[in-house]
Amino acid sequence: MNSPEQPLPMFDEVLLCTPQTTAEQVGLFLRRCLIPCSRGEKVYTMLYADELSYDVSCRAEELFQDLQRYNSSYRLVILCNCEQEHSYIPSAFSQYKVHMIPQRPRAEIQQYLQHHYRVAQPSSSAASVFKDNVCVGIVSSRRAGVGK
């Protein structure tokens, strides 16, 4: 996010973890990140890694330890909920832990995202539903089942 022209992460650089994420999915992601090849300077990110099941987390750590010796210049960020810091992945990688506070103001982050998610040619697409022809949006409610 250092410049407005810097691209968003590609689909292969991000793994959004849930309790249903399989060991195979995590394994493929870690191999992509840790096996050296000519992929450039990608930054790989595991989001909500604390959500992984215990078995998947154990297998992920083992695979990470095995693959890490093949590549010393990998770029991997593992984001976890600070309230879940005692789950397996945050504990296993605790020596690398960095508490992060967003470095940019919220308005600047929103402007950056609007720049990248804006539809170039307004059309009768779903993007016309959202403000300023942005093709993504978040709809939330404090009340469940109110027709979102």
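Residue Leu63 holds its CG atom at 9.5 Å from CG of Leu28, rounded to the nearest 0.5 Å. If you take CD on Glu61 and CZ on Phe93, they are separated by 6.0 Å, rounding to the nearest 0.5 Å. Within the model, atoms CD of Gln20 and CD of Glu51 stand 9.0 Å from one another, a figure rounded to the nearest 0.5 Å. Distance check, rounded to the nearest 0.5 Å: CG of Asp66 to CG of Leu30 gives 11.0 Å. Separating the CG atom in Leu15 from the OG1 atom in Thr18 is a distance of 8.5 Å, to the nearest 0.5 Å. The distance from atom SG of Cys80 to atom NZ of Lys97, rounded to the nearest 0.5 Å, is 9.5 Å.
For the side-chain contact (heavy atoms from CB on, under 4.5 Å) criterion with Thr45, the lone passing option out of Val77, Leu76, Ile78 is Val77. Looking at Phe64, Tyr44, Phe29 one by one, the single match for ring pair (Phe, Tyr, Trp, His ring centres under 6.0 Å) with Tyr74 turns out to be Phe64.
A donor-acceptor contact shorter than 3.5 Å is absent between the side chain of Asp50 and the backbone of Ser87. The closest donor-acceptor contact from the side chain of Arg32 to the backbone of Glu13 lies at 3.5 Å or more, if one exists at all. No donor-acceptor pair under 3.5 Å is formed between the side chain of Gln65 and the backbone N or O of Glu62. Of the possible polar contacts, none joining the Arg59 side chain to the Val56 backbone as a donor-acceptor pair under 3.5 Å is found.
Between Gln110 and Gln114 there is no side-chain heavy-atom pair separated by less than 4.5 Å.
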Go through Ile35 and Leu67 one step at a time and tell me if the side chain to side chain contact (heavy atoms under 4.5 Å, CB included) criterion holds. CA-CA 7 Å; Ile35 294 179; Leu67 294 175; 4.2 Å; yes
Checking side chain to side chain contact (heavy atoms under 4.5 Å, CB included) for the pair Val14/Met46: CA distance, chi angles, key distance, verdict? CA-CA 6 Å; Val14 179; Met46 287 178 69; over 6 Å; no
Could you walk me through whether Tyr48 and Gln84 pass side chain to side chain contact (heavy atoms under 4.5 Å, CB included), step by step? CA-CA 10 Å; Tyr48 304 115; Gln84 299 292 332; over 6 Å; no
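Across all non-hydrogen atoms, the minimal contact from Cys17 to Leu52 is CB-CD2, 3.7 Å. Nearest heavy-atom pair across Thr21 and Leu16 is OG1-O, 3.9 Å. Nearest heavy-atom pair, Ile109 versus Arg104, reported as atom, atom and distance to 0.1 Å: CD1-O, 3.7 Å.
Judged by distance alone, the side chains of Ser73 and Asn71 do bring a donor and an acceptor atom under 3.5 Å apart.
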